[in-house]
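Just so you know, ligand 1 is whichever comes first in the structure, and atom 1 is the first atom listed for that ligand.
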Amino acid sequence: MSNKIADNMNDRLTKRMSRNIYIGGTMFSILLLVGLTLDTVRQTPKRENRADLTHEVAKGKQVWEKNNCVGCHTILGEGAYYAPELGNVFIRRGNSDKEAFKSYFAGWMAAQPLNEAGRRKMPQFNLNEDEINNLAEFLIWTSKIDTNNWPPNVEG
Ligand code: HEC
C-alpha cells in the first residue's frame, strides 16, 4: 500500500515540474531578498537619527572603542553581558534630559570603582572633561536611534 502511494507520487512529479519548482523557488527567493534589501536601505536614514550625528558624537564613539566599554556592556544588544545595557542609559538615568544625564554621567565616571561589597565593579578610566562630554553625547545620540522601542525594559 505505501509503495503504491510512493509510486503514484513519483508519477506525478515530472522532471519538468521539479525544474519549474527549482527555478520558480529561486526567483521568488531572489526577488524577496532584493525587495527586503531595498526596504532596509530606504528605512535606515529615517531611523538612525542622522540629524544629531555631530562631531562630538563621533569622538565619543572613539572614546567608547578605545576604552573597550563594550567588553563589559552591551549597546543596543551588542557586546558583553557583564554590565548593564547602555543604549538606553540616557532615558534610564537622565530621564531623557540632556543636562541631568551629563551631570549624572560625569559623577558616575568619577566615582568608579564603587568598591561596594556584592556589587560588580567598573574600573576608573581617568577620562578628561572633553572625553566624558563626548561619551555622553554618543550615548544620548544612541538612545535616540529608532529601535522599535528595544530594549523593552528601561532597566535592561
Ligand atoms: C570591566 C567591566 C566594565 C567596563 C570595561 C566598563 N564598565 Fe561600565 N559598568 C560596569 C559594571 C559592572 C557596572 C554596574 C556597576 C554597579 O551597578 O555598581 C557598570 C555601570 C555603568 C554605568 C551605569 C549604568 C546604569 O544603568 O546605571 C555607566 C553609565 C557605565 N557603566 C559606563 C561605562 C563606559 C562609558 C565605559 C567605557 C569607558 C564602561 N562603562 C566600561 C563594568 C564595566
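Other residues, nucleotides and ligands contribute over 12 non-hydrogen atoms within 6.0 Å of the NZ atom of Lys102. More than 12 non-hydrogen atoms from other residues, nucleotides or ligands lie less than 6.0 angstrom from CD of Glu65. Within 6.0 Å of the CG atom in Asn149, the count of heavy atoms belonging to other residues, nucleotides or ligands does not exceed 12.
Counting the atoms of ligand 1 from 1 in the order shown, those under 4.0 Å from a heavy atom of Leu114 are 18 (O). Shown in contact with Lys121 at under 4.0 Å from a heavy atom are these atoms of ligand 1, numbered in order with element: 12 (C), 42 (C). Ligand-side atoms of ligand 1 in range of Asn68: 5 (C), range being under 4.0 angstrom from any heavy atom. Shown in contact with Pro123 at under 4.0 Å from a heavy atom are these atoms of ligand 1, numbered in order with element: 1 (C), 3 (C), 4 (C).
Here 2 is the count of protein N, O or S atoms positioned under 2.8 Å from atom 8 (Fe) of ligand 1, waters not counted.
Side-chain atoms of Glu85 never come within 3.5 Å of backbone atoms of His73 as a donor-acceptor pair (strictly under, hydrogens ignored). Looking at Glu137, its side chain never comes within 3.5 Å of a backbone N or O of Thr54 through a donor-acceptor pair.
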Could you walk me through whether Glu155 and Arg93 pass the salt bridge (Lys or Arg N to Asp or Glu O under 4.0 Å) check? CA-CA 9 Å; Glu155 285 301 326; Arg93 301 290 176 234; 3.6 Å; yes
Taking it one step at a time, do Ile23 and Phe28 satisfy side chain to side chain contact (heavy atoms under 4.5 Å, CB included)? CA-CA 9 Å; Ile23 293 175; Phe28 175 77; over 6 Å; no
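Of the protein's non-hydrogen atoms, Trp108 CZ2, 3.3 Å is the one closest to atom 20 (C) of ligand 1. Regarding atom 23 (C) of ligand 1, its nearest protein heavy-atom neighbour is Tyr104 OH, 3.1 Å. For atom 15 (C) of ligand 1, the nearest non-hydrogen atom of the protein is Arg120 O, 3.6 Å. For atom 17 (O) of ligand 1, the closest non-hydrogen atom of the protein is Arg119 NH2, 3.2 Å.
For Arg93, a nitrogen or oxygen atom sits less than 3.5 Å from a nitrogen or oxygen atom of ligand 1, counting backbone and side chain alike. Annotation: Arg92 places an N or O atom under 3.5 Å from an N or O atom of ligand 1; distance criterion only.
Ring pair Phe101/Phe90 is perpendicular by interplanar angle, where above 60° counts as perpendicular and below 30° as parallel.
Here the shortest heavy-atom pairing between Ile132 and Phe105 reads O-CE2, 3.5 Å. Of all the heavy atoms in Tyr81 and Arg120, the pair that sits closest is O-NH1, 4.0 Å.
Evaluation of the side-chain contact (heavy atoms from CB on, under 4.5 Å) rule for Asn95 yields no partner, not counting sequence neighbours.
Here Leu135 has side-chain heavy atoms under 4.0 Å from ligand 1, and that is the only part of it that gets that close.
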